[in-house]
A.B. asks: 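Below: one structure in structure tokens.
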Amino acid sequence: MNIINFKNINVGYDDKIILKDLNLSINKGEHWVILGANGSGKSTLMKLIQSEIHPRFDKNSTKELFGKSTYSLFELRNKIGVISNDLHNYFSSKVPFLNGYEVVQSGFYATFSIFKSQDFTQEQHNKIADTMKFLEIRHLQDKKVSSMSTGELRKCIIARALIHDPEAFILDEPTVGLDIKAQINFLQMLEKIAKKSSIILVTHHLEEIFEDIENVALIYQNTIYKSGTKDKILNSENLSKIFGIDLKINKKHHRYFVEEINY
């Protein structure tokens, strides 16, 4: 089944086209990276997948998520776990008094805090405990958000989404703000999650593309420039094109990196 089936999609604000002639198909169980420069349209594509924005009407276009062209947003949010810097910053700045357990718990009602009117079953509490154990963050359950590192809070936010057993995770530049050790640790955690859910990684960093991600969509000039398997798409010619600079790309131990930049 398709997680995403987009055909001939255009998205715009007033007279400005932000995404044009966009085609993207992602199947359940696949892991993808959407790679592009700043300003290429990655954030708009994220909003389109989350149905925060909608395409312009065209009888020749298709926008389907999980095989449906119509769906409830609540249903969609249970199927797709979204991890973004905006979400991270909200928890950090607006609810620093929550502890790790409460951050995860808030996911059941899709709220940003815990309220007296909310009722939680023993089954839900068990799910929180199991999820925090799975991600190896039980030591954060009593720690306040205000005392957490960037990586610690990011893991709690992932656990918040994981309690719904989503079929896919969308991660928008997930290692921003993490030091080298925290980046490595975080990507190892994503590899663990990839055993349970599809991963859609949105980034402009090659080093974030871990081994399980086998498919690539390059976004360039507000459309999908090319898509396919890593071995066919991640090469010096394609990446030089989308980033507008002469790059030499290489691979070591299943990981890609920029070996040389020619200014």
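Everything quoted here is computed from the prediction, not taken from an experiment.
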A.B. asks: Below 4.5 Å, heavy atoms only, C-beta onward: do L234 and L239 meet side chain to side chain?
C.D. replies: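 Yes. Closest side-chain heavy atoms under 4.5 Å.
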A.B. asks: Looking at every heavy atom in both G29 and S198, which two are closest together, and how far apart are they?
C.D. replies: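 Heavy atoms of G29 and S198 come nearest at N-OG, 2.8 Å.
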A.B. asks: Work out which heavy atom in G41 is nearest to a heavy atom in L19; give both atom names and the distance.
C.D. replies: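 Residues G41 and L19, closest heavy atoms: O-CD2, 3.8 Å.
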A.B. asks: Take a 6.0 Å sphere around NE2 of H139 and say whether it holds more than 12 heavy atoms from other residues, nucleotides or ligands.
C.D. replies: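 Atom NE2 in H139 is crowded, with more than 12 foreign heavy atoms closer than 6.0 Å.
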A.B. asks: Is a side-chain donor or acceptor of K192 paired with a backbone partner of F134 at a separation under 3.5 angstrom?
C.D. replies: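 The answer is yes, because a donor-acceptor pair under 3.5 Å joins these two groups.
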A.B. asks: Is it true that a side-chain atom of S197 and a backbone atom of A194 form a donor plus acceptor pair closer than 3.5 Å?
C.D. replies: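 It does not hold such a pair.
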A.B. asks: Is it possible for you to say whether M46 and L190 belong to one hydrophobic cluster, with membership spreading through side-chain heavy-atom contacts below 4.5 Å?
C.D. replies: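 Different hydrophobic clusters.
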A.B. asks: Within 45 degrees of the ring normal and closer than 6.0 Å to the centroid, is that where the cationic atom of R160 sits relative to F112?
C.D. replies: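 Yes, R160 lies over the aromatic ring of F112.
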A.B. asks: Run the numbers on V145 and F97 for side chain to side chain contact (heavy atoms under 4.5 Å, CB included), then give the verdict.
C.D. replies: CA-CA 6 Å; V145 167; F97 51 84; over 6 Å; no
A.B. asks: Taking the six-membered ring of F120 as reference, does the NZ or CZ atom of K127 fall below 6.0 Å from its centre and within a 45° cone about the axis?
C.D. replies: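 Pair K127/F120 does not count as cation-pi.
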A.B. asks: With rounding to the nearest 0.5 angstrom, report the CD to NZ distance, E259 to K248.
C.D. replies: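 Those atoms lie 4.5 Å apart.
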A.B. asks: Could you walk me through whether L76 and L65 pass side chain to side chain contact (heavy atoms under 4.5 Å, CB included), step by step?
C.D. replies: CA-CA 8 Å; L76 184 62; L65 295 167; 3.9 Å; yes
A.B. asks: About how many Å separate CD of Q50 and CG of L45, when rounded to the nearest 0.5 Å?
C.D. replies: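 Rounded to the nearest 0.5 Å, the CG-CD separation comes out at 10.0 Å.
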A.B. asks: Where the side chain of E102 meets the backbone of L98, is there a donor-acceptor pair that is under 3.5 Å apart?
C.D. replies: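 Not at all, since once roles are kept as given, no pair shorter than 3.5 Å links the two residues.
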A.B. asks: Any donor-acceptor pair under 3.5 Å linking the side-chain atoms of S51 with those of K63?
C.D. replies: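 Note: K63 and S51 side chains meet the donor-acceptor criterion.
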A.B. asks: Would you find a donor on one side and an acceptor on the other, under 3.5 Å apart, between the side chain of D14 and the backbone of K16?
C.D. replies: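 No, D14 side chain to K16 backbone: no donor-acceptor pair under 3.5 Å.
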A.B. asks: Flag yes if more than 12 heavy atoms outside K230 fall under 6.0 Å of its NZ atom; otherwise flag no.
C.D. replies: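 More than 12 heavy atoms, drawn from other residues, nucleotides or ligands, come within 6.0 Å of this atom.
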A.B. asks: In the structure I gave you, are the side-chain heavy atoms of I224 and N23 within less than 4.5 Å of one another anywhere?
C.D. replies: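 Answer no - side chains too far apart.
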A.B. asks: Can a salt bridge be assigned to the pair K28 and E167 using a cut-off of 4.0 Å between side-chain N and carboxylate O?
C.D. replies: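 Yes.
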A.B. asks: Determine the minimum heavy-atom distance between I3 and A168, stating which atoms define it.
C.D. replies: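 Closest heavy-atom pair between I3 and A168: CD1-CB, 3.9 Å.
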A.B. asks: Salt bridge or not between E211 and R255? Use side-chain N to carboxylate O under 4.0 Å.
C.D. replies: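 Salt bridge absent between E211 and R255.
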A.B. asks: Give the cluster check for L187 versus I170: same hydrophobic cluster or not, with ILVMFWY residues linked at side-chain heavy-atom distances below 4.5 Å.
C.D. replies: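 Different hydrophobic clusters.
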A.B. asks: With a 3.5 Å distance limit and no angle check, can you tell me whether S240 reaches the backbone of L247 through a side-chain donor-acceptor pair?
C.D. replies: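 Checking the backbone N and O of L247 against the side chain of S240, a donor-acceptor pair under 3.5 Å is found.
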A.B. asks: Tell me whether I209 shares a hydrophobic cluster with F257, the cluster being built from Ile, Leu, Val, Met, Phe, Trp, Tyr side chains joined at under 4.5 Å.
C.D. replies: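 They do not share one cluster, since no chain of ILVMFWY contacts under 4.5 Å joins I209 to F257.
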A.B. asks: Taking the side chain as C-beta and beyond, is there a heavy-atom pair between F91 and S106 under 4.5 Å?
C.D. replies: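 A side-chain contact exists here, since the closest heavy-atom pair is under 4.5 Å.
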A.B. asks: For the pair N238 and K226, evaluate side-chain hydrogen bond (donor to acceptor under 3.5 Å, both in side chains) and give the outcome as yes or no after the intermediate values.
C.D. replies: CA-CA 8 Å; N238 286 338; K226 289 184 179 180; 3.0 Å; yes
A.B. asks: Please answer: with hydrophobic residues joined when any side-chain heavy atoms are less than 4.5 Å apart, are L24 and I80 in the same cluster?
C.D. replies: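 The answer is yes; both residues are in one hydrophobic cluster.
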A.B. asks: Can you see whether S84 engages D86 through a side-chain donor-acceptor pair at a distance of less than 3.5 angstrom?
C.D. replies: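 S84 vs D86: no donor-acceptor pair found between side chains.
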A.B. asks: Quick one: are I34 and I200 in side-chain contact, heavy atoms under 4.5 Å?
C.D. replies: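 Counting from C-beta outward, I34 and I200 do come under 4.5 Å.
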A.B. asks: Can any side-chain N or O of H31 pair as donor or acceptor with the backbone N or O of I199 at less than 3.5 Å?
C.D. replies: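 Indeed, once roles are kept as given, a pair shorter than 3.5 Å links the two residues.
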A.B. asks: When you compare the side chains of D179 and Q183, does any donor N or O come within less than 3.5 Å of an acceptor on the partner?
C.D. replies: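 Judged by distance alone, the side chains do not pair up.
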A.B. asks: So which heavy atom on P166 is nearest to which on A161, and how close?
C.D. replies: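 Closest approach of P166 to A161: CD-O, 3.4 Å.
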A.B. asks: Going by the angle between their ring planes, with limits at 30° and 60°, are Y225 and Y220 parallel, tilted or perpendicular?
C.D. replies: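 Answer is perpendicular, since the angle exceeds 60°.
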A.B. asks: Are any non-hydrogen side-chain atoms of L218 and V216 less than 4.5 angstrom apart?
C.D. replies: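 They are in side-chain contact.
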A.B. asks: Does any N or O in the side chain of S72 come within less than 3.5 Å of the main-chain N or O of E75, such that one atom is a donor and the other an acceptor?
C.D. replies: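 Side chain of S72 to backbone of E75: a pair is present.
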A.B. asks: Going by atom types only, do S69 and E64 share a side-chain donor-acceptor pair under 3.5 Å?
C.D. replies: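 Short answer, no.
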A.B. asks: Got a sec: does the CD of E260 have more than 12 other heavy atoms crowding it under 6.0 Å?
C.D. replies: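 Counting other residues, nucleotides and ligands, CD of E260 exceeds 12 neighbours.
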A.B. asks: To the nearest 0.5 Å, what is the distance between CG (D172) and OG1 (T203)?
C.D. replies: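 Answer rounded to 0.5 Å: 8.0 Å.
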A.B. asks: Could you check H205 against E173 for side-chain hydrogen bond (donor to acceptor under 3.5 Å, both in side chains), going step by step and ending with a plain yes or no?
C.D. replies: CA-CA 8 Å; H205 297 294; E173 297 184 15; 4.9 Å; no
A.B. asks: To the nearest 0.5 angstrom, please state how far the CG atom of D246 sits from the OH atom of Y263.
C.D. replies: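 Taking CG in D246 and OH in Y263, the distance rounds to 11.0 Å.
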A.B. asks: Going by atom types only, do K7 and N60 share a side-chain donor-acceptor pair under 3.5 Å?
C.D. replies: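 The answer is no; no qualifying pair exists.
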A.B. asks: Would you check if I233 and L35 make a side-chain contact, meaning some heavy-atom pair closer than 4.5 Å?
C.D. replies: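 Answer no - side chains too far apart.
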A.B. asks: Do any N or O atoms from the side chain of S25 and from the backbone of N5 form a donor-acceptor pair under 3.5 angstrom?
C.D. replies: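 Side chain of S25 to backbone of N5, a donor-acceptor pair under 3.5 Å: no, none is there.
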A.B. asks: At what distance, to the nearest 0.5 angstrom, does CD of E30 lie from CD1 of I213?
C.D. replies: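 One finds 12.0 Å between CD of E30 and CD1 of I213.
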A.B. asks: Ignoring hydrogens and angles, tell me if any N or O in the side chain of T131 forms a donor-acceptor pair with the backbone of L162 under 3.5 Å.
C.D. replies: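 It does not hold such a pair.
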A.B. asks: Check whether any side-chain heavy atom of F108 lies under 4.5 Å from a side-chain heavy atom of Q118, and answer yes or no.
C.D. replies: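 Result no, sub-4.5 Å side-chain heavy-atom pair not found.
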A.B. asks: Any chance you could lay out the side chain to side chain contact (heavy atoms under 4.5 Å, CB included) test for F6 and I49, step after step, and finish with the verdict?
C.D. replies: CA-CA 9 Å; F6 294 167; I49 295 171; 3.9 Å; yes
A.B. asks: Are there over 12 heavy-atom neighbours, none belonging to F74, within less than 6.0 Å of that residue's CZ?
C.D. replies: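 Counting neighbours around CZ of F74, 12 or fewer heavy atoms of other residues, nucleotides or ligands fall under 6.0 Å, so no.
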A.B. asks: Just by distance, do the side chain of T150 and the backbone of L178 share a donor-acceptor pair under 3.5 Å?
C.D. replies: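 The answer is no, because no donor-acceptor pair under 3.5 Å joins these two groups.
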A.B. asks: Counting only heavy atoms not in K144, do more than 12 fall under 6.0 Å of its NZ?
C.D. replies: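 Counting other residues, nucleotides and ligands, NZ of K144 exceeds 12 neighbours.
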A.B. asks: For T175 and E208: C-alpha separation, side-chain torsions, deciding distance, then whether side-chain hydrogen bond (donor to acceptor under 3.5 Å, both in side chains) applies.
C.D. replies: CA-CA 8 Å; T175 64; E208 291 183 353; 2.3 Å; yes
A.B. asks: Can you name the nearest heavy-atom pair linking M189 to L135, along with the distance?
C.D. replies: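 Result for this residue pair: CG-CD2, 3.8 Å.
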A.B. asks: For E152 and S149, work out which heavy atoms get closest and say how close.
C.D. replies: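 Heavy-atom minimum between the residues: OE1-N, 2.9 Å.
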A.B. asks: Can you tell me how far the OG atom of S92 sits from the CG atom of N85, to the nearest 0.5 Å?
C.D. replies: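 So the gap between those two atoms works out to 11.0 Å.
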A.B. asks: If you measure only the distance, is there a donor-acceptor pair under 3.5 Å linking the side chains of D142 and N99?
C.D. replies: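 Short answer, no.
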A.B. asks: Step through the shown structure and confirm whether more than 12 heavy atoms of other residues, nucleotides or ligands are within 6.0 Å of NZ on K79.
C.D. replies: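 Atom NZ in K79 is crowded, with more than 12 foreign heavy atoms closer than 6.0 Å.
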A.B. asks: Kindly indicate, with the supporting measurements, whether the criterion side chain to side chain contact (heavy atoms under 4.5 Å, CB included) is fulfilled by L206 and I249.
C.D. replies: CA-CA 9 Å; L206 285 180; I249 307 303; 3.7 Å; yes
A.B. asks: Heavy-atom distance under 4.5 Å between the side chains of Y101 and C156, does that happen here?
C.D. replies: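 Not in contact.
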